[in-house]
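So that the names make sense, note that chain A is the first sequence line, chain B the second, and so on, each numbered from 1.
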Protein chains: 2
Amino acid sequence: MAELDIVVDRTSEIPLHQQISDAHRAAIASGQLRPGARVENEIDLAARLGLSRPTVRRAMEDLVHSGLVTRRRGSGTVVAPSQVRRQLRLTSLFDDLEAEGRRPTTSVLEFSIAVGSPETTETLGLPPKAGVLTIRRLRFAGGEPLAILTNELPADIAPDYSALGASGLYASLRDKGITIAGATQRIGARVATHAEAQLLGEKAGAPLLTLDRVAYSDSGRIVEHGSHVYRASLYSFDMSIRQ
Amino acid sequence: MAELDIVVDRTSEIPLHQQISDAHRAAIASGQLRPGARVENEIDLAARLGLSRPTVRRAMEDLVHSGLVTRRRGSGTVVAPSQVRRQLRLTSLFDDLEAEGRRPTTSVLEFSIAVGSPETTETLGLPPKAGVLTIRRLRFAGGEPLAILTNELPADIAPDYSALGASGLYASLRDKGITIAGATQRIGARVATHAEAQLLGEKAGAPLLTLDRVAYSDSGRIVEHGSHVYRASLYSFDMSIRQ
DNA sequence: CAGTGGTCTAGACCACTTA
DNA sequence: AAGTGGTCTAGACCACTGA
């Protein structure tokens, strides 16, 4: 069993359990902990680091939740197979573009505040005829058009146009003290309209991945509705699930 | 603040924390706890039920993780907005089919054990030339063809053909003592080939949602590789995310 | 049998929100 | 200032696995 070289810093603002899980994440990412390797058990790790077992345990639960390790009562904790991760990641074209150092860029097609349609105000949980900011952006990766992003937000929390360009939508909201607590989303597919195809440099009838998302803040308020379309030839969604 | 009528059963096999989170799930689903409603705080709930705070806390963390509630330090726990859930669910055609009572059915197109291709054995983490079971099925909902499901499994854990038909793939594996601990998956889109279109009752060039999944057991062994295509006109993936 | 994770207790102190 | 969730401790008993 590998003993990871973990140094816990009790003066840090980072919770102890997160320091432990971060150290394991790094060790798995770097290959120091290989797939199938046993992870040190909770009791020993707690004793070695001078922490309580529940604290170490919480770190392990984080890792299980991320799909990085699996646990079995009586048997122990093992690093999850990496083929599972690598296999799928290898063919992600967008990741390839990013790995080549071609950063994604964005151009704003529309930025307008107007009275929201009945559908929009209902989706956003606003009273009828409330003001709504609509943003349409074209996202590029490696010089190639990749996606058309449409967002609708309540006008009273609308970020500045300049802030949007500088730091992205979610970062702009965070600067205004609004943090996203969660979202519900739906992934689907359809073929491109003529207008979409033209913007994206595809032929009409090309397959598109669609993402519809409604995000809410920790106070339970609906903060944003996004309707995005991605070129299926360049983009896919990767995710790990557990249980 | 609503006091939920929860009865904890200490003799039950269901963990106490799960009994608490289940009760809240039910109350939210039934509308007894409405979106925006305050949820009873941890301390009071623990005292009222005669449980410790960490036990109650674990139940709340479950709910946060499922996206059903949001929490803020100093402020409390509130039920997440239901528009977020309902809005998206309303237009899910497959859910509509299911809600109409038309159960999904499945017909098996192929069920064969053979020496695996190099790609397949590598994906499954098997030695070269190991035996691999390939299953291809056509899934219907409401009498309509919905998806083509292709699965590859190591031959030594292959379920019986009869077990597969009776209870589905994952249930068959569970009966053999194999539980799925997690998976990595990728969702993409492409257009249907002629053969796929014919099976699915679509025109060639119709958009398809694709799902590629590699699943592993709690012992860290790769158990299954699935490559599925869904008619985008009838199917989408819904998910809730947090943080 | 020893080892391991799963569950649970009864507290403690702190950071943040709201009034 | 009072209320709330976030973090942490130092134990306990149990269920399951594997040699």
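- Neither OP1 nor OP2 of D/dC8 sits under 4.0 Å from any side-chain N or O of A/Arg58.
- Rounded to a whole Å, the CD atom of B/Glu42 is 17 Å from the P atom of C/dC16.
- In this structure, A/Glu152 has no salt bridge (charged side-chain N to carboxylate O under 4.0 Å, His left out) partners at least two apart in sequence or on a different chain.
- Take A/Pro15 and apply the side chain to side chain contact (heavy atoms under 4.5 Å, CB included) test, not counting sequence neighbours, and it matches A/His17, A/Gln18.
- Atom CG of B/Asn41 is separated from atom P of D/dT4 by 4 Å (rounded to the nearest Å).
- Atom CG of A/Leu45 and atom P of C/dG3 are 17 Å apart (whole Å).
- Looking at residues two or more places apart in sequence or on another chain, you find no side chain to side chain donor-acceptor pair (under 3.5 Å) involving A/Ser75.
- Between B/Arg57 and C/dC8, a side-chain N or O to OP1/OP2 separation shorter than 4.0 Å is absent.
- Per the geometry, CD belonging to B/Glu40 stands 10 Å off P belonging to D/dG5, to the nearest Å.
- Scanning for side chain to side chain donor-acceptor pair (under 3.5 Å) contacts around A/Arg71 gives A/Glu42, A/Thr77, with sequence neighbours left out.
- Under 4.0 angstrom from either OP1 or OP2 of C/dT4 there lies no side-chain N or O belonging to A/Arg71.
- For A/Ile43 and D/dA12, the CD1 to C1' distance is 11 Å, given to the nearest whole Å.
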Polar atom pairs between nucleotides 16-19 of chain D and protein, under 3.5 Å, N or O only, would you list them?
from   : atom 1 : to      : atom 2 : distance (Å)
D/dT17 : O4'    : A/Arg73 : O      : 3.4

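- Here the C1' atom of nucleotide C/dG5 and the CD atom of A/Glu61 are 10 Å apart, to the nearest Å.
- Applying the side chain to side chain donor-acceptor pair (under 3.5 Å) rule to A/Asp5 yields no partners; only residues at least two apart in sequence or on another chain are considered.
- Checked by atom type, the side-chain pair B/Thr11/B/Asp9 shows a donor-acceptor distance below 3.5 Å.
- Considering only residues two or more places apart in sequence or on other chains, B/Ser112 meets the side chain to side chain donor-acceptor pair (under 3.5 Å) condition with B/Glu110.
- What separates NE2 of B/His17 from P of C/dG5 is a distance of 17 Å, to the nearest Å.
- The salt bridge (charged side-chain N to carboxylate O under 4.0 Å, His left out) check on B/Arg139 picks up nothing, with sequence neighbours excluded.
- Between A/Tyr230 and A/Tyr235, the two ring planes are parallel [angle under 30°; tilted spans 30° to 60°].
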Can you give me the N/O atom pairs linking the protein to nucleotides 9-11 of chain D at distances under 3.5 Å, or say none if there are none?
from  : atom 1 : to      : atom 2 : distance (Å)
D/dT9 : OP1    : A/Arg10 : NH2    : 2.9
D/dT9 : OP2    : A/Ser52 : N      : 3.1
D/dT9 : OP2    : A/Ser52 : OG     : 2.8
D/dT9 : OP2    : A/Thr55 : OG1    : 2.5

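- Summarising the geometry, the separation between CE on A/Met60 and P on C/dG5 is reported as 8 Å, rounded to the nearest angstrom.
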